[in-house]
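What follows is a single structure, written as structure tokens, with notes after it.
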Amino acid sequence: MRLGVLISGSGTNLQAIIDAIAAGELDAQVVLVVSSRSDAYGLRRAYEAGIPTMGLSSEVYQDPAAADALIAQEMQVAGADYLVMAGYMRKLGAGLLAAFEDRVINIHPALLPAFPGAHGIADAYEAGVKVTGVTVHFANEDYDAGPIIAQQALEVCEGESLESLEARIHAIEHVLYPQTLQLIAQGRVSITADRKVSIT
């Protein structure tokens, strides 16, 4: 399975994917990493792993549709089978989603549909929930609303700091994301007619 990865920041989930591939736990190859920021540390992680990269500037995103078209073209040229969002902080438009229909995957640091958006961990923490977690889902035009592939719950400890919760959420992400991608690589994940995910 050939993966194109979209990032915006430090790239810790990208690193988890790279490490899982190196360990033989994920039957995949990362063929291109695209960052919405040209100074993202995740680009260095990709470079050190020998993965081609492309860093986009804010000027490119002044026309979001053109930015998406560029990403779609470069991912197709690289031969990506799936797009993997790993901390990518831009909303994907219809054109890019159509180019990779039902082949764009995202990870979210909460138990969707609860606490969607860019601040899922903090929103759950501030709401005082006793259980939160991580969701891996297919991306669609509705933000954080695509078919759910996998979830893992996490109990919030009494008196726990937001920083502690963030660290524990990220630790789950770094295991759950590669595991879920491996299910896809094995051909075990499909979307049913009612837009639910079936895993065999």
So which atom in [X] and which in [Y] form the shortest heavy-atom distance, rounded to 0.1 Å?
X: Leu3; Y: Ala28; value: CD1-CB, 3.9 Å
X: Phe100; Y: Ala72; value: CE1-O, 4.1 Å
X: Ser10; Y: Tyr41; value: O-CD2, 3.7 Å
X: His108; Y: Gly120; value: NE2-CA, 4.2 Å
X: Pro178; Y: Leu26; value: O-CD1, 3.9 Å
X: Val31; Y: Gly79; value: CG2-C, 4.5 Å

Atom pair [atom1]/[atom2] of [X] and [Y] - distance to nearest 0.5 Å:
X: Ser35; Y: Leu6; atom1: OG; atom2: CG; result: 9.5 Å
X: Tyr177; Y: Leu14; atom1: OH; atom2: CG; result: 10.5 Å
X: Leu96; Y: Glu141; atom1: CG; atom2: CD; result: 11.0 Å
X: Asp39; Y: Arg44; atom1: CG; atom2: CZ; result: 11.0 Å
X: Thr132; Y: Leu111; atom1: OG1; atom2: CG; result: 5.0 Å
X: Leu92; Y: Ile71; atom1: CG; atom2: CD1; result: 7.0 Å

Taking the side chain as every heavy atom from C-beta outward, state whether [X] and [Y] have any pair of such atoms under 4.5 Å apart.
X: Val5; Y: Leu32; answer: no
X: Val34; Y: Met75; answer: yes
X: Lys130; Y: Val156; answer: no
X: Leu181; Y: Glu25; answer: no
X: Val33; Y: Tyr47; answer: no
X: Ile105; Y: Leu83; answer: no
X: Pro147; Y: His137; answer: no
X: Val104; Y: Phe138; answer: no

Indicate, with yes or no, if [Y] and [X] share a hydrophobic cluster defined by side-chain heavy-atom contacts under 4.5 Å among Ile, Leu, Val, Met, Phe, Trp and Tyr.
X: Leu162; Y: Leu154; value: yes
X: Leu56; Y: Ile7; value: no
X: Val60; Y: Met54; value: yes
X: Met85; Y: Val197; value: no
X: Ile191; Y: Tyr82; value: yes

Side-chain ion pair, Lys91 and Asp68, N-O less than 4.0 Å: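 No.
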
Salt bridge present between Glu160 and Arg168 (N-O < 4.0 angstrom):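 Yes, charged N to carboxylate O under 4.0 Å.
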
Donor-acceptor side-chain pairing of [X] and [Y] below 3.5 angstrom:
X: Asp27; Y: Gln182; result: yes
X: Ser198; Y: Thr192; result: no
X: His170; Y: Thr12; result: no

Glu155 atom CD: more than 12 heavy-atom contacts under 6.0 Å: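 Not more than 12 within 6.0 Å, no.
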
Full working for side-chain contact (heavy atoms from CB on, under 4.5 Å) between Ile169 and His174: CA-CA 9 Å; Ile169 287 284; His174 300 159; over 6 Å; no

Between the main-chain N or O of [Y] and the side-chain N or O of [X], is there a donor-acceptor pair closer than 3.5 Å?
X: Arg188; Y: Ile199; answer: no
X: Asp63; Y: Ala66; answer: yes
X: Arg103; Y: Asp81; answer: yes
X: Asp144; Y: Gly117; answer: yes
X: Arg37; Y: Ser8; answer: yes

Ring-face cation of Arg90 near Tyr61 (centre distance under 6.0 Å, axis angle within 45°):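 Yes, a cation-pi geometry.
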
Members sharing Leu112's hydrophobic cluster (side chains within less than 4.5 Å):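 When side chains under 4.5 Å apart are linked, the cluster holding Leu112 also contains Ile148.
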
All side chain to side chain donor-acceptor pair (under 3.5 Å) counterparts of Thr135, not counting sequence neighbours: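 Here the qualifying residues are Gln151.
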
Reference residue Thr180; test side-chain contact (heavy atoms from CB on, under 4.5 Å); the match among Val136, Val134, Val189: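 That would be Val136; it is the only one of Val136, Val134, Val189 passing the side-chain contact (heavy atoms from CB on, under 4.5 Å) with Thr180.
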
Side chain to side chain contact (heavy atoms under 4.5 Å, CB included) partners of Gln15, counting only residues at least two apart: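 Per chain and number, Gln15 pairs via side chain to side chain contact (heavy atoms under 4.5 Å, CB included) with Ile18, Asp19, Arg45.
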
